[in-house]
Amino acid sequence: MATKTEQVQAKGGKNRHRSLGLSDDQALRMYEVMRLARAVDERMWLINRQGRAPFVISCQGQEGAQVGVAAALKPGHDWVAPYYRDAGVVLWFGMTARDQMLSFFARREDPNSGGRQMPGHYGSRGLHIVTGGSPVATQLLHAAGVALASKQRKEDAVTATFFGEGAASQGDAHEAMNFAAIHKLAVLFVCENNGYAISVPQTRQMAIQDVAQRAAGYGFPGVVVDGNDVLACYEVAATAVARARRGEGPTLIEAKTYRMTPHSSDDDDKRYRQAEEVALWRTKDPIQAYIRYLREAGVLRDEVEQAITERVTQQVDEATEYAEQAPDPSVDDLLKFVYKKDVSG
Amino acid sequence: MATKTEQVQAKGGKNRHRSLGLSDDQALRMYEVMRLARAVDERMWLINRQGRAPFVISCQGQEGAQVGVAAALKPGHDWVAPYYRDAGVVLWFGMTARDQMLSFFARREDPNSGGRQMPGHYGSRGLHIVTGGSPVATQLLHAAGVALASKQRKEDAVTATFFGEGAASQGDAHEAMNFAAIHKLAVLFVCENNGYAISVPQTRQMAIQDVAQRAAGYGFPGVVVDGNDVLACYEVAATAVARARRGEGPTLIEAKTYRMTPHSSDDDDKRYRQAEEVALWRTKDPIQAYIRYLREAGVLRDEVEQAITERVTQQVDEATEYAEQAPDPSVDDLLKFVYKKDVSG
Amino acid sequence: MASKTIIEAIRGAMDEEMERDPSVFIIGEDVGIRGGVFLATDGLYKKYGEDRVIDSPLAESCIVGVAIGAAVNGMRPIAEIQFADFIAPAMNQIIEEAARFCYRTAGDFNLPMVIRAPWGGGVHGALYHSQSIEATFGHIPGLKVVIPSTPADARGLLKAAVRDPDPVLYLEHKRTYRLVRGEVPEGDGVVPIGKAEVKREGTDLSLIAYGLMLTHCLDVAAKLAKEGISAEVLDLRTIKPMDEAAVIATARKTGKVLVVHEDNRFAGIAAEVMAIIMENAFDALDAPVMRLTAPDVPAMPFNHTLEEAFMPNVEKILAKARELARL
Amino acid sequence: MASKTIIEAIRGAMDEEMERDPSVFIIGEDVGIRGGVFLATDGLYKKYGEDRVIDSPLAESCIVGVAIGAAVNGMRPIAEIQFADFIAPAMNQIIEEAARFCYRTAGDFNLPMVIRAPWGGGVHGALYHSQSIEATFGHIPGLKVVIPSTPADARGLLKAAVRDPDPVLYLEHKRTYRLVRGEVPEGDGVVPIGKAEVKREGTDLSLIAYGLMLTHCLDVAAKLAKEGISAEVLDLRTIKPMDEAAVIATARKTGKVLVVHEDNRFAGIAAEVMAIIMENAFDALDAPVMRLTAPDVPAMPFNHTLEEAFMPNVEKILAKARELARL
Ligand SMILES: Cc1ncc(C[n+]2csc(CCOP(=O)(O)OP(=O)(O)O)c2C)c(N)n1
Ligand SMILES: Cc1ncc(C[n+]2csc(CCOP(=O)(O)OP(=O)(O)O)c2C)c(N)n1
Ligand SMILES: [Mg+2]
Ligand SMILES: [Mg+2]
């Protein structure tokens, strides 16, 4: 079994997406979902700064890794266990801007939690998105369990779970990778390494260069990829998915990326990040990079760009308007669903 | 930093111990402690089978790894955080056969716990043996903490912690190795890999050949050594200790060995181990192997062997006699030492 | 009606449920070829194979976390924690994840899973093979916690737990495994979660207990009868959600209540029972409700003298009950 | 006397203790250059350097396990858990290790260490930034659990915790950090662990609380006074070991007690207080002891309506107190 860490470099050329088996339409769908994730996120910050909603946590800067990996999966058939930044993943899996805004405003209709959880705590049984709480890294074990069930029923569904490089320090990350390796489970462990866990830089989080190096210690491949190159992320994910469907077991994918916002609306990243560093990474924005590629490839013509921008803006506007008007849960909702089956006398 | 897994092979020759800087006396002291650990253990089984004591958990088969590593440390200066099989480690660090028997019979004088814990739950502040409970792998983090304190005070003490390959699956093992790596702590992580966690074989515990492979995922060396070759264990430990004292950080030592007894007096290993396998490993008994070496080396002459046997037998006899007579704790001891400082009204 | 020990009833219930429903599987340490350290799963590995009786790595958070994921994806895992004393590494997965899945998704997700764990003392298990954990988990909303005390309840409650759509912590008092034998009904024999049972009727005072202490309380009631004291014995059976109506009924009936458990005293289950009675039957009390529990020291020591001193037993319960009867 | 907020008092206490004793150090997530997510350690990294203010990896078991080891080897760690809701990964190290070190070695080992954690709700923190954990840890023998409600107590109890030879869980109600301001004495001002304090004298009924609820109870007592009801307010301050004498004294004094907490109800701290009163002041009660707590649902939802509905507040306490006064 290959266990060496491969440095996957983005190959140039105007035909990258086609050589990866992606049609122009698929390439554009990926672009539109990245744009939508970004637009919803930006709108949330705006509303938060106006004091109309208490909390935002962002995907900005990580949409390439999220959509690149998600695009290699089959929504509805495969499963994802995302973390709070994965707007790009859940939008690809069928959530809508409206769903996002309903949870942002904590409305009763919020499909993730009925207004109970903070924004970013995704979950939908129907969409095969495993519910996430706030404690980091627990979802890696859930993903292993979902994959175990698929294996027990001899189904070829793949489960992808996403987490930050900080979460990789938790014991659960170790236990999940070890278990998935032992049973050769169809799991993609996707680490979105943005260099910080709130204020803690990678150098205080681990003594290694690449989280992907850990995979060898479990007995499966670890791959490092440029997380700001959506097509490179798609490529390594497609390889890992194929391997998983063949029953050859998990892959650890480390997408090197950056968080373009503070950790959340409660954070002040100026305390721990240099303005230069933030500025440098702005130039590596995965959306801008993808735009450059799509234009070069002749896929993103002006009218297409314009149509996408209009659709995105319209969805965000409608979603915001709808969600802000939508009703709150009522007081008597408080006691519901402690159990699925209430047996108290 | 070297992070590749080195296969350390025992080098032959009659002068191995001298070439490792061990005098004949030191080589014999190591032998005597191995013998003592074994003899105490065998006596405990005898007594347990006679129904005079409820529980035994053994070091048998692992004395080479234990004494080999411990001999590379400075008792009283360095620290150990052992696990329940490490009779060889604690005897090297100053515990006596009497101490062992006092805890075996759960007497008030038991220095580990005053008769409160099961045998094998070692601890002595004065001897720099960190107290252990039953939950596995917690001691790896304690060892990291002890080493952090040494570093904070700029002392060169080294901390060695011991655990089984099963314990390596716990999240705490991951968190401890990661933390020790980040702070380049003077820790030896010593995995006594005996191939089983009670009934669970290594193949169900992990998908890798060597636990030592994990070290690379944290950024420090991992070494595999024949755990039944006490001098080979001493050699890799001495190297790791020197590295640690130089402030270059931890080493993971994996000693491949075997448990010659059932997991404990409550276990029936016939349910999961083949008699042939057990028999094969009996031929690899670390004590017998060391005897062969010491005789070849001309160090273990008959009269020396006889003297050692007499000392060991005498110690075990006296210890047993003393401990079996020793008083139990009294009922009013029950409420003592819940706190060091009792502040309840 | 067949006569079985508690361990036989538990093994049989798992066997029956695995036969009935292919989505039921077992995961835990040494549950496979070893049959579990108490032989609770003995024979099941041979019968159902390694895909349905899974020897996990030595990692409790893994056992529970994987069970959660499998439950999300259509399975009904029975996760075994080898000793209740070793459940703490899994507390984050149990308390923050399993217990909150249904609530945090407003019912979109639910977890049909059972966590089995041997608990309790009296077996020379020392600090780490004797612990009681029912108060710790009983306090957590979203979990169901059951403790059978008879073979029939052990079988019936385990079946109910396997079929329940919510996470159930199923606690087995290890001292009772082979000590307690009793009739087990033919047929399904499911025992509903959430219902206590009066195991012996009485009029002078009530003994409320569960686990090994329930067995002791029945002995005590028999002895008290000889002294002309009529003691009612209520078996809580389900710790959470507790059958408050049954607790209130027996308190109102006898006016004198002694709650017994071997868990630590402070903020234990006895305290909650006392609070429930305080709130609902204060006017009916002829004496303050009493509790007999382990002291607030970290589990029972290995030494037999100290273990004895730690555990409530028939003598101690009898003395306390007589004291209450006299009031 | 200087006027300080609770967060200022906590920060100041750590600074003073680190100045006084070089063995005191801080370890936790984001405690360094970030100064902690609530700025509790703001400035300490700059003043004491990275060897004494250590940014840990994102692993709570690591934070506590390392603190234990350092305490074994002569240091006095202050471990910060970023939110009480994230302490569960460390429960094995806290409950099975830290709490049992002294007992399992018959006093040979002891752990002078503090675990600080912001807890409690009312800040739109939702399910995982609002939890109460005092009952869970209060139940564990070997731990000391303290909860200050005023700046003077916050400073004095934190100093006492740092100097104590045993592990102390120091819980800081995050809503009170900047909400509650008060006088802090000059000098040492150590507040003893294990002692409750009557924060307001009264004769008609007693309100027993801690944390944010203590602040609310003082408001309620003031309002009740205007209605001619004299309410005594007892601040528990130390949850474990609880000051039973103080609880019994106020119960005997007023004969009517209302216990308030925002933790879940079942087997919570209120239940223990009720049990203590049942056992020691039953004869002095003019009415059953009442409790006002959060319902048994998993922490408070994000939505403000539901958060409001979950949390006890001045209005709810006032209503309950009036009800009790009328009995
Ligand atoms: C168990 C746990 N401890 C602490 C926290 C508080 N917390 C929330 S996010 C975060 C940092 C996560 O960093 P990383 O995993 O790298 O993800 P990123 O936010 O950088 O994408 C922390 C410490 C938490 N959510 N869970
Ligand atoms: C956290 C925890 N879970 C379960 C146990 C029960 N248990 C005791 S020893 C053991 C197996 C340990 O195997 P290994 O680590 O390989 O050490 P060995 O006994 O083989 O030397 C188990 C499962 C425990 N002590 N702690
Ligand atoms: Mg990060
Ligand atoms: Mg082993």
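Here the structure is a predicted model, which means the values were calculated and not measured. The figures here come from the full heavy-atom set of this structure, side chains too, leaving out hydrogens, waters and symmetry mates. The chains referred to below are lettered A, B, ... by the order of the sequence lines, with proteins before strands, and numbering in each begins at 1.
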*asked:* Looking at A/Arg107 and A/Ala326, would you say the former's side chain and the latter's main chain have a donor-acceptor pair under 3.5 Å?
replied: yes
*Are A/Gln117 and A/Tyr122 linked by a side-chain donor-acceptor pair shorter than 3.5 Å?*
no
_Counting heavy-atom pairs closer than 4.5 Å to chain D, which one of A/His263, A/Met206, A/Gln170, A/Arg108 comes out on top?_
A/Gln170
*May I ask you to say whether D/Lys174 pairs ionically with D/Glu172, meaning some side-chain N is under 4.0 Å from a carboxylate O?*
no
*asked:* With a 4.5 angstrom heavy-atom cut-off, is it the side chain or the backbone of A/Val136 that approaches chain D, or both, or neither?
replied: side chain
*Identify whether the distance between the nearest side-chain nitrogen and carboxylate oxygen of D/Asp42 and A/Arg271 falls below 4.0 Å.*
yes
*Based on non-hydrogen pairs under 4.5 Å, which of A/Asp333, A/Asp328, A/Leu335 is most in contact with chain D?*
A/Asp328
*asked:* Heavy-atom pairs under 4.5 Å with chain D: which of A/Asp268, A/Asp266, A/Ile198 has the most?
replied: A/Ile198
*Go through the atoms of D/Phe86 and report whether side chain, backbone, both or neither lie under 4.5 Å from a heavy atom of chain A.*
side chain
*Are A/His121 and A/Ser134 close enough that a side-chain donor and a side-chain acceptor fall under 3.5 Å?*
yes
*A/Arg52 CZ to A/Glu324 CD distance, which is reported to the nearest 0.5 Å*: 4.0 Å
*Non-hydrogen atoms of chain D under 4.5 Å away: do they reach the side chain of A/Asp267, the backbone, both or neither?*
both
*With a 4.5 angstrom heavy-atom cut-off, could you sort out which part of D/Glu307 is near chain A: side chain, backbone, both or neither?*
neither
*Against chain D, label A/Pro54 side chain, backbone, both or neither, depending on which of its atoms sit under 4.5 Å from a heavy atom there.*
side chain
*Centre of A/Phe162's six-membered ring, under 6.0 Å away, within 45 degrees of the axis: is that where NZ or CZ of A/Arg85 sits?*
no
_Under 4.5 Å from a heavy atom of chain A, the part of D/Ile63 involved_ = neither
*A/Ser330 versus chain D, heavy atoms under 4.5 Å apart: side chain, backbone, both or neither?*
backbone
